[in-house]
Amino acid sequence: MPLLTSSIIQPQKNCKRVRVCCCFALQTMGNIIKGIIAFIPSKTCQNYLLGELEEMPVDKMVDLSSKHLRRFPLRVCAFTELVKLYLSDNNLNTLPPELELLQSLQILALDFNNFKVLPQVVCTLKQLSILYLGNNRLRDLPPELCFLKNLQTLWIESNYFTHLPVVVCELTLLKTLHAGSNPIRQLPNELKNLKELRSIWMSGTLLTEFPLVLLEMPFLDVIDVDRNGIRFFPSLVHMQSLKLVIYDHNPCQNAPKVAKGVRRVGRWSEESPEPKKRSEAEAELENAKDNKEVQALPPMDATSQSNENSTEATTVPN
């Protein structure tokens, strides 16, 4: 009976594997076909990629992520009340000037594309509050970005920035800045002008020193400098708004001192003690030696104790 059961189960497992492999092969084939169709500008081919996109969506959101797009579909610009537009994970490197018609847009996702330069038309969307530009090929940002006065969240991680664009420091309402995985070596002093900034994420950059400008920003809630080359961390005790500091994967010799209740993520954080200073370690070692010497002395017997007491009692001071 066990042999019969195993002989039945084994073909079922094989069939399941075959189905999984077939589904994966079909999905891969579908992606290849979409990639080829993306090169064909005909209306039929574009409709195949976009699906049903004739009327303004009820939720005022259009998600065209992972559609293999090489051209921005102009029909989207007819949805003038659009609030959210997701164009992530495509092959876009330009945007049409007609995009300016989307003046109600608040969220724009352009991450995982091939932009070498941010299209100027993006800087005309003055209601934007969240802008995703990560994983492109950007080296700088245009000065016109300062026109986005309502921008609160900016993602520029995984690009080719060698410095943080100064125009970012003019986004006065910015609350969250993600600039990690860029070859950035320092932060501009103008960053302290962003009084509304609450979290800055600089993981995987080329910082070799903790940015001193951050010490002048006590209003920060989160500081992430994970995976850098920082060897020494100054005290952050004065930063009363700080809630989280991430400093792991740095060749540091100390942990940043923080106020009570602040969570640290890295070496010598809450889970493990910080390394003691050399002077403190030496003092502890000396104390330990003294204690051992005292413990090694033989105990004083009762006779010698009484003799010593009598001697002290009979001694008359001059």
Check your understanding: If you count the non-hydrogen atoms of other residues, nucleotides and ligands that lie under 6.0 Å from CD in E209, is the total more than 12?
Key -> no
Exercise for review: Answer yes if V237 and V213 sit in the same cluster of Ile, Leu, Val, Met, Phe, Trp and Tyr residues linked by side chain heavy atoms under 4.5 Å apart, and no otherwise.
Suggested key: no
Check your understanding: Taking the side chain as C-beta and beyond, is there a heavy-atom pair between M239 and V262 under 4.5 Å?
Key -> no
**Study point:** Transitive ILVMFWY side-chain link W201 to F112, under 4.5 Å
**Key:** no
**Study point:** K175 atom NZ: more than 12 heavy-atom contacts under 6.0 Å
**Key:** yes
Revision key, fill the gap. Test side chain to side chain contact (heavy atoms under 4.5 Å, CB included), reference L220, set L244, I200, V245, output is I200
Exercise for review: May I ask you to test the W268-C252 pair for a side-chain heavy-atom distance under 4.5 Å?
Suggested key: yes
Point to revise | Q186 atom CD: more than 12 heavy-atom contacts under 6.0 Å | key: no
Point to revise | By side chain to side chain donor-acceptor pair (under 3.5 Å) - contacts of D63 (at least two apart) | key: S65
Check your understanding: Any idea which heavy atoms bring V122 and L148 closest together, and the distance?
Key -> O-CD2, 3.7 Å
Revision key, fill the gap. Of all heavy-atom pairs linking M56 and F79, the shortest is SD-CB, 3.4 Å
Check your understanding: What distance do N150 atom CG and K126 atom NZ have between them, rounded to the nearest 0.5 Å?
Key -> 10.5 Å
Exercise for review: Evaluate the side-chain proximity of L138 to I156: yes if any heavy-atom separation is below 4.5 Å, no if none is.
Suggested key: no
Check your understanding: Does any N or O in the side chain of D226 come within less than 3.5 Å of the main-chain N or O of I246, such that one atom is a donor and the other an acceptor?
Key -> no
Review point. Under 4.5 Å between side-chain heavy atoms, hopping through other hydrophobics if needed: is there a path connecting L164 to V167?
Key: yes
Point to revise | R185, CZ: over 12 other non-hydrogen atoms inside 6.0 angstrom | key: no
Exercise for review: Among Ile, Leu, Val, Met, Phe, Trp and Tyr joined by side-chain contacts under 4.5 Å, find the other residues sharing a cluster with Y132 and list them by chain and number.
Suggested key: M61, Y86, I107, I130, W155
Point to revise | Partners meeting side chain to side chain donor-acceptor pair (under 3.5 Å) with E216 (sequence neighbours left out) | key: K192
Check your understanding: Does L87 reach the side chain of F72, with side-chain heavy atoms less than 4.5 Å apart?
Key -> yes
Check your understanding: Any side-chain heavy atom of P73 sitting closer than 4.5 Å to one from L64?
Key -> yes
Practice item. Determine whether F210 and L236 make a side-chain contact, defined as any pair of heavy atoms from C-beta on separated by less than 4.5 Å. Key: yes
Check your understanding: Do L242 and L215 belong together in a cluster built from hydrophobic side chains that touch within less than 4.5 Å?
Key -> yes
Check your understanding: Sub-3.5 Å donor-acceptor pair from the side chain of D111 to the main-chain atoms of N135, do we have one?
Key -> no
Revision key, fill the gap. Distance col, row R227:CZ vs T205:OG1, nearest 0.5 angstrom, shows 9.0 Å
Practice item. Specify the closest pair of heavy atoms between L173 and K149, including all atoms of both residues, with the distance to one decimal. Key: CD1-O, 3.2 Å
Check your understanding: Hey, does the side chain of N159 reach the backbone of L133 with a donor-acceptor pair shorter than 3.5 angstrom?
Key -> yes
Point to revise | Close side-chain approach of L125 and L131, heavy atoms under 4.5 Å | key: no
Practice item. Locate the shortest heavy-atom distance separating A255 from R264; write the atom from each residue and the value. Key: CB-NH1, 3.5 Å
Review point. Do L85 and L74 belong together in a cluster built from hydrophobic side chains that touch within less than 4.5 Å?
Key: no
Review point. What is the distance from atom CG of L151 to atom CG of L174, rounded to the nearest 0.5 Å?
Key: 6.0 Å
Review point. Would you say the side chains of S199 and D221 form a donor-acceptor pair under 3.5 Å?
Key: no
**Study point:** Heavy-atom pair with the smallest gap, counting every atom of V168 and L154
**Key:** CG2-CD2, 4.0 Å
Point to revise | Reported CG-to-CG distance for the pair L95 and L110, which is rounded to 0.5 angstrom | key: 5.5 Å
Review point. Taking everything shown except Q103 itself, do over 12 heavy atoms lie less than 6.0 Å from its CD?
Key: yes
Exercise for review: Measure the CG-CG distance between L105 and L128 for me, rounded to the nearest 0.5 Å.
Suggested key: 5.5 Å
Check your understanding: Rounded to the nearest 0.5 Å, how far does CG of L101 lie from CG of L82?
Key -> 11.5 Å
Exercise for review: May I ask you to decide if R267's main-chain N or O and Y247's side chain share a donor-acceptor pair within less than 3.5 Å?
Suggested key: yes
Exercise for review: Start with the C-alpha gap between Q253 and F232, add the side-chain angles, then the distance that decides, and say whether side-chain contact (heavy atoms from CB on, under 4.5 Å) holds.
Suggested key: CA-CA 6 Å; Q253 300 175 356; F232 175 79; over 6 Å; no
Review point. Is there a donor-acceptor pair under 3.5 Å between the side chain of N193 and the backbone N or O of E170?
Key: no
Review point. A179 and M202: which non-hydrogen atoms are nearest, and at how many Å?
Key: CB-SD, 3.7 Å
Check your understanding: Does the side chain of L214 come within less than 4.5 Å of L191's, by heavy atoms?
Key -> yes
